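To start, the structure itself, in structure tokens.
All values derive from a computational prediction rather than experimental measurement.
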Amino acid sequence: PFTDTPGSDGAYYYRVRFRDTAGNSGAFSGIIEAFADSLPPAPPSQPQSSFAGILLKNIYISWTAAPEAASFNVYRATYSTADTAALAPLAAGTTNTFITDSPVQDSTYYYLITAIDLAGNESAATVTGVVFDIHAPVISAAGISSGQHVNYDISPAVAITDFSSYYSTITLNGAPF
């Protein structure tokens, strides 16, 4: 076998001819062209993201490909990062310039998109974050039982749990509490 390690990136041309032990040479083969490429492509453009809402329960991410990109890897994290080393691809080797994701939990999701060239070199990641909140708040009350009759002051305790609380209003008998 013949192994060649090109010194720099670019096109290389090979042809082969065989000589037997008696000194007879065959004809040259056709020319074979190979490309050495050790540089990763440019990363994709800054991704555009949107939350498709309560009814569709999807996140839509799109980007523009760099000229050398043959495919893309898309990674998802629940923490802000630009490092893909510890992440498994959500989509590996996709040729689309978009992805639709349907997470099951409310969270802020970070999507990292990398470009891959024909030689398998992977670019740095571009990152976008999306707040995904499709679940209703969980409300709990304590300090009094439903239907309970008392002849003293009561102090109900109300707890509201939600991923992205914006505001809450508590009323008692129609008046702010």
Side-chain angles (χ1 to χ4, degrees), residues 1-19 26-138 160-167:
F2 172 75
T3 303
D4 185 23
T5 305
S8 61
D9 288 355
Y12 290 83
Y13 303 91
Y14 302 91
R15 64 184 190 160
V16 180
R17 183 165 86 173
F18 182 76
R19 180 176 297 171
F28 277 103
S29 69
I31 294 175
I32 299 169
E33 181 179 27
F35 296 93
D37 180 5
S38 63
L39 300 174
S45 68
Q46 180 61 41
Q48 302 299 308
S49 59
S50 63
F51 170 44
I54 301 296
L55 295 177
L56 296 177
K57 300 179 182 178
N58 291 328
I59 295 173
Y60 180 78
I61 309 289
S62 64
W63 59 90
T64 302
E68 297 173 358
S71 63
F72 306 93
N73 284 343
V74 180
Y75 303 86
R76 180 180 71 190
T78 54
Y79 53 91
S80 180
T81 183
D83 184 8
T84 61
L87 302 174
L90 180 65
T94 182
T95 56
N96 294 327
T97 56
F98 65 89
I99 188 169
T100 302
D101 187 25
S102 303
V104 294
Q105 289 183 297
D106 292 347
S107 186
T108 298
Y109 290 98
Y110 297 90
Y111 292 87
L112 296 77
I113 297 100
T114 60
I116 302 168
D117 65 16
L118 290 172
N121 300 311
E122 188 171 17
S123 74
T126 55
V127 182
T128 188
V130 180
V131 174
F132 183 74
D133 185 2
I134 60 170
H135 296 95
V138 175
I160 301 170
T161 305
D162 188 36
F163 172 71
S164 60
S165 295
Y166 179 62
Y167 71 93

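- Side-chain atoms of Asp117 never come within 3.5 Å of backbone atoms of Pro40 as a donor-acceptor pair (strictly under, hydrogens ignored).
- Checked by atom type and distance alone, the side chain of Asp37 pairs as donor or acceptor with a backbone atom of Leu39 at under 3.5 Å.
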Stepwise side chain to side chain contact (heavy atoms under 4.5 Å, CB included) check, Ile99 with Leu90: CA-CA 9 Å; Ile99 188 169; Leu90 180 65; 4.0 Å; yes
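- The two residues Ser49 and Thr128 have their closest heavy-atom pair at OG-OG1, 3.2 Å.
- With rounding to the nearest 0.5 angstrom, the OG1 atom of Thr97 is 12.0 Å from the CD atom of Gln48.
- Interatomic distance, OH of Tyr13 versus CD1 of Ile32, reported as 13.0 Å (0.5 Å rounding).
- Looking at Leu118 and Phe35, their side chains never come closer than 4.5 Å, going by heavy atoms from C-beta outward.
- Minimum heavy-atom separation, Ala36 to Ser8: CB-O, 3.7 Å.
- The distance from the CG atom of Asp106 to the CZ atom of Phe132 is 7.0 Å, given to the nearest 0.5 Å.
- Under the 3.5 Å distance criterion, the side-chain polar atoms of Ser107 are left unmatched by any main-chain donor or acceptor of Tyr109.
- More than 12 heavy atoms of other residues, nucleotides or ligands shown are found within 6.0 angstrom of CD on Gln46.
- Between the side chain of Ser29 and the backbone N or O of Val16, at least one donor-acceptor pair lies under 3.5 Å.
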Worked check of side chain to side chain contact (heavy atoms under 4.5 Å, CB included) between Thr114 and Thr84: CA-CA 9 Å; Thr114 60; Thr84 61; 4.2 Å; yes
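- Closest approach of Ser45 and Thr126 over heavy atoms only: O-OG1, 3.6 Å.
- Scanning all heavy atoms of the two residues, the minimum distance from Ala125 to Ala82 falls at CB-O, 3.9 Å.
- Although no hydrogens or angles enter the test, the distance criterion places no donor-acceptor pair under 3.5 Å between the side chain of Asp101 and the main chain of Ile59.
- Minimum interatomic distance between Pro43 and Ala124 (heavy atoms only, all atoms of both residues): CB-O, 3.3 Å.
- Ring pair Phe98/Tyr60 is parallel by interplanar angle, where below 30° counts as parallel and above 60° as perpendicular.
- To the nearest 0.5 Å, atoms CD1 (Ile113) and CH2 (Trp63) are separated by 5.5 Å.
- Rounding to the nearest 0.5 angstrom, the gap separating the CG atom in Asn73 from the CD1 atom in Ile116 is 3.5 Å.
- The CG atom of Leu87 sits 6.0 Å away from the CG atom of Leu112 when rounded to the nearest 0.5 Å.
- Contact record, Ala11 with Glu33: CB-OE2, 4.0 Å, taken as the closest heavy-atom pair.
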